[in-house]
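Reading through the structure tokens given below for one structure.
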Amino acid sequence: MHRDYDVAVVGGGLLGSAIAWGLGRLGKTVVVLDEGDITKRASRANFALIWVQSKGLGMPAYTGWTVRASESWGKLAAELQAQTGLDVCLQQNGGFHLTLGDDEFEQRGQLVTRMHNQVGAADYRMEMMSASEVKKRLPLIGPEVSGGSFCPLDGHVNSLRTFRAFHTGFKQFGIDYFPERAVSAIALDGGEFSLATPKGEIRAGKVVLAAGNANQTLAPMVGLSAPMGPTRGQIVVTERTMPFLPHPLTTIRQTDEGTVMIGDSKEDELDDRALKHSISAVMADRAQRTFPHLARLNVVRSWAGIRVMPQDGFPIYDQSESHPGAFVACCHSGVTLASNHAFEIARMVAAGALESKLVGAFSASRFEGRRAANSSGY
Amino acid sequence: MFKRSDQDKRPSVQIFVDGAAIAAREGDTVSAALLASGRDVRRATAVSGAPRLPYCMMGVCFDCLVTIDGVGNRQGCLVPVAEGMQVEIQKGKREIGR
Amino acid sequence: MSTPKREAYDVVVIGAGPAGLAAAATAAEAGLSTLLLDENAGPGGQVFRAIASTPVTERAQLGADYWVGADLVKAVRASGAEIIQRATVWSLDRHIEIGVSVGGVSAFVKARRVILATGALERPFPIPGWTLPGVMTAGAAQTMLKSSALVPDGRTVIAGQGPLLWLLAAQILRLGGRIGRILDTTERRNYLAALPHAFAFLTSPYFAKGLALMREVRAKVPVVSGVGELSAAGDGQLATVTYLAGGRRETMQADLLLLHQGVVPNVNLAMAAGVEHRWDESQLCWSPVLDQNGNSSIDGIAIAGDGAGIGGAGAAVFRGYIAARAAVEALVPASAAKLTPMAELRTGLVHAERGRAFLDTLFRPAPQFRIPSGDTVVCRCEEVTAKDILEAVAIGATGPNQLKAYRRTGMGPCQGRLCGLTVTELMAEARGKSPQEIGYYRLRAPVKPITLAELAAVAKTEDDVKAVVRG
């Protein structure tokens, strides 16, 4: 049989793109199979944070994995810029989670303590700051801000430009990106994978499932599992304004273009076409209480996106025993973890095996025999 | 670029553009008054700083954005003039607190 | 200016142009609680712009067709409908809840029926230099003329095609304005293509009026026909217009260029509500899928006027009557008897639409004026060029929504109104697909900007707060 590619990556969002780009970087022949113009695309709806603080309560390995990603993002941004000329506007000078009122401040303080006390978690700084300390760094905060937590590893990036940079890089690595080819079936056939798409069969030596929540359906085709628990999130975006926010916040950030993104909600509703204005209103209200000058800005867009979310909130990286060469990767934080996907996961897939030292904790076997509760902090 | 027809008998309304008084007419939109003033009222875009003037005059193109009475990014073509109104031509992104 | 008096109405009409005025008057006369919301300072929409306030006192200068609007306004004012001007509708959903902003305050109203009469906007005319100060739409000039009696007074060039262009030129001249030249971009082959529809047109109301207008304008302004290329240039301000006609390229000085190549339905609100639209190949635009009463794919949402597909002001009035009558028949059947019978309205509509196929064919804009290339700006808000878009297609952008991720097209304040059609057609051509296959931006509320404070003031429940504040 003719093998078209070394690796077929199913899913062309940020996660699939990062892995595919990383594989191309290692000289592999790669195809990325993606859906079309209208589909649930978390990597277009995301908030673009590279976020460490509060990640990993309940799973110390996730904290370490996140810190590692944060530390290698600079390398990713530099390589993308060198290759494509695109500046993804990486900014990693630390981020805040601000609180309104005393109760929220106290709760956040407890969370920070729990994070620090967690045995085996990576050692990184995350500290509570009083309102007056915050004000030194963010002079425009309003009187209701009671303080917040700060983590120097946090940052943000232009996620749409990152996406475009990966896809621009594909061309230069000779990676085939095939949109409008949703994969309907995968079979192991003569030691390689056959993937059925609306435009014919694709054959590859290995397959990486990076299709977001759709991994739940695809994974069983290759003897894997990916239990997902998607949620909906809404985001509100303002018109462009002069730079005022030198650090990103968990729910407010100013893009390099000047718009202000305001997040976000977590809803069980999974229709991403409709919006609930009353939820946007809560977000808008909190944003204007945090930075009173935002009240006058115009909201130019809002949208709902469906989060890719493994059932317990932590990433899933797994390889198939029954179908050697089949991998599954899904996580909520496709932006934060992009560098890990491009460098670490791609390297492991190229080598043919996931390294348990780095990602063993993320096997989907953790779901066996229990119903996981989402405790990741989202 | 534009002149007023002699038959226009509407009362005059004084507005200020970057501090300078101009004569508008009751019922003019801010954009119409600016274009009629003969002054250089080009704004600069928030993206590249390119100069622009109103394009559609019917509320869809957003090229008439202007600061009115201290509030930035208002659609000048949808706002009627009022006596004493302070209009500022915007250069680039909306300023903080405006 | 005040927000709506009630929380719920039988009928809410959005847009006070010909269709909206007719619809609101009909619904209110039949006894339905009716709210008419309009974004402008006064009623009339675009075609009857400033009908209640125009400083143009010499009525003949605007033409008899304009003053028809005064009767419609009179009727709606006498009908008992609640009318709110300067009301910006920013949201409509499938539950027929309408988010409307008045004077910086938002309210939500429910309706048993909503009739969208959001009309048309001018088709994008993306030529090199169309973002320069001094380049405007013909409609913009007409708005200034009707509402402020302002006319072009420098070196003015009007370029494009279609009935509105000739009407505008005549009005400018009547009010004492100056026009240096008219550049007619109508494709010569269109005259032949339109022939089969000529009989209907000759017997339509357009024919005699159109001919007279063209004669009036040609007597005073040089007209160049068969213009196949067009561009504007200048350093930060329009200085010259260059065109190609009859094998000759000419550059002329200009300080105002007015562009027009027809109008297209203003679909943003309907699309954001989720109303199904289809690509209309004869009008080269997106039109909602409607039944004969204007009912859309969403129960309770009807569309009348040019927003339902371009038909002109006369047709818009009948579509408004029909949509409103259908609402009356559904909500208070007993009251329908005192309204004009449906059959009569349909006959009127057929008459008003007569000649439309001829106009659509004759004034089908040439491909080079719809599908730009190179450095020509497509998305005015985000300043994205045709070349940028083609580059994105080359690396995998499949349609307008994916293109946003690559290039931010349609993500600015105009929300695709000035680039959407161009993007669809450009991508369709680049990918060898039909515009229908390529699709359009997925639009969402707010379809017009509202302030963050306004959004923040929307009523919220404890559950809403819990969905956002989660420790």
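Hydrogens, waters and symmetry mates play no part in the numbers below; they use all other heavy atoms, side chains included. Naming: A, B, ... by sequence-line order, numbering from 1 per chain.
Taking every heavy atom of both residues into account, C:Pro449 and A:Val300 meet most closely at CG-CG1, 4.2 Å. Pairing each heavy atom of C:Thr451 with each of A:Ala295, the nearest pair is CB-O, 3.7 Å. Heavy-atom minimum distance, C:Ser91 versus A:His277: OG-NE2, 2.6 Å. Between A:Arg164 and C:Ile395 the shortest heavy-atom distance is O-CD1, 4.1 Å. Residues A:Glu104 and C:Val469 come closest through the heavy atom pair OE2-CG1, 3.9 Å. Between C:Gly396 and A:Pro179, the shortest heavy-atom distance links the atoms O-CG, 3.8 Å.
Put simply, CZ on A:Arg161 and CZ on C:Arg407 are 9.5 Å apart, with the number rounded to the nearest 0.5 Å. The distance from the CZ atom of A:Arg301 to the CG atom of C:Leu443 is 11.5 Å, given to the nearest 0.5 Å. From A:Glu239, atom CD reaches atom CG of C:Leu452 across 10.0 Å, with rounding to the nearest 0.5 Å. Taken to the nearest 0.5 Å, the CG atom of A:Asn298 stands 11.5 Å off from the CG atom of C:Leu455. Summarising the geometry, atom CD belonging to A:Glu257 is positioned 7.5 Å from atom CE belonging to C:Met411; distances are rounded to the nearest 0.5 Å. In this structure, the separation between NZ on C:Lys460 and CE on A:Met283 is 12.0 Å, given to the nearest 0.5 Å.
Heavy atoms of A:Ala304 lying under 4.5 Å from chain C belong exclusively to its backbone. At a 4.5 Å heavy-atom cutoff, A:Val32 makes no contact with chain C through either its backbone or its side chain. When heavy atoms are compared at a cutoff of 4.5 Å, A:Leu100 does not approach chain C at all. The contact between A:Asp272 and chain C is made by backbone and side chain atoms together, counting heavy-atom distances below 4.5 Å. Only the backbone of A:Leu297 comes within contact range of chain C, judged by heavy atoms closer than 4.5 Å. For a residue to count as touching a neighbouring chain, one of its non-hydrogen atoms must lie under 4.5 Å from one of that chain's; by this rule C:Lys466 does not touch chain A. Only the side chain of A:Thr259 comes within contact range of chain C, judged by heavy atoms closer than 4.5 Å. For a residue to count as touching a neighbouring chain, one of its non-hydrogen atoms must lie under 4.5 Å from one of that chain's; by this rule A:Arg41 touches chain C with the side chain only. In this structure, the portion of A:Arg44 lying under 4.5 Å from any heavy atom of chain C is its side chain and not its backbone. In this structure, chain C has no heavy atom under 4.5 Å from any part of A:Phe170. Proximity to chain C involves both the backbone and the side chain of A:Gln288, based on heavy atoms less than 4.5 angstrom apart. Neither the backbone nor the side chain of A:Gln234 comes within contact range of chain C; no heavy atoms are under 4.5 Å apart. If you measure heavy-atom distances from A:Arg232 to chain C, you find no contacts under 4.5 Å at all.
Among the candidates A:Arg296, A:Arg273, A:Lys171, the residue making the largest number of heavy-atom pairs closer than 4.5 Å to chain C is A:Arg273. Counting heavy-atom pairs closer than 4.5 Å to chain C, the top residue among A:Glu267, A:Glu180, A:Arg286 is A:Glu180. No other option in C:Val458, C:Ile450, C:Val465 has as many heavy-atom pairs under 4.5 Å with chain A as C:Ile450. Note on A:Lys276, A:Arg289, A:Arg240: by heavy-atom pairs under 4.5 Å with chain C, the leading option is A:Arg240. No other option in C:Pro400, C:Ala459, C:Gly412 has as many heavy-atom pairs under 4.5 Å with chain A as C:Pro400.
A:Asp37 places a side-chain N or O within donor-acceptor distance of the main-chain N or O of C:Asn401, the cut-off being under 3.5 Å.
In this structure, A:Asp103 places its CG atom where only 12 or fewer heavy-atom neighbours from other residues, nucleotides or ligands lie under 6.0 Å away. Applying the 6.0 Å contact sphere to NZ of C:Lys110 captures more than 12 heavy atoms from other residues, nucleotides or ligands. By the 6.0 Å contact criterion, CD on A:Gln110 is enclosed, its count of non-hydrogen atoms from other residues, nucleotides or ligands being greater than 12.
Note: A:His167 and C:Tyr406 have perpendicular aromatic rings, judged against thresholds of 30 and 60 degrees for the angle between ring planes.
Between C:Arg470 and A:Asp264 a salt bridge is recorded (basic side-chain N to carboxylate O distance below 4.0 Å).
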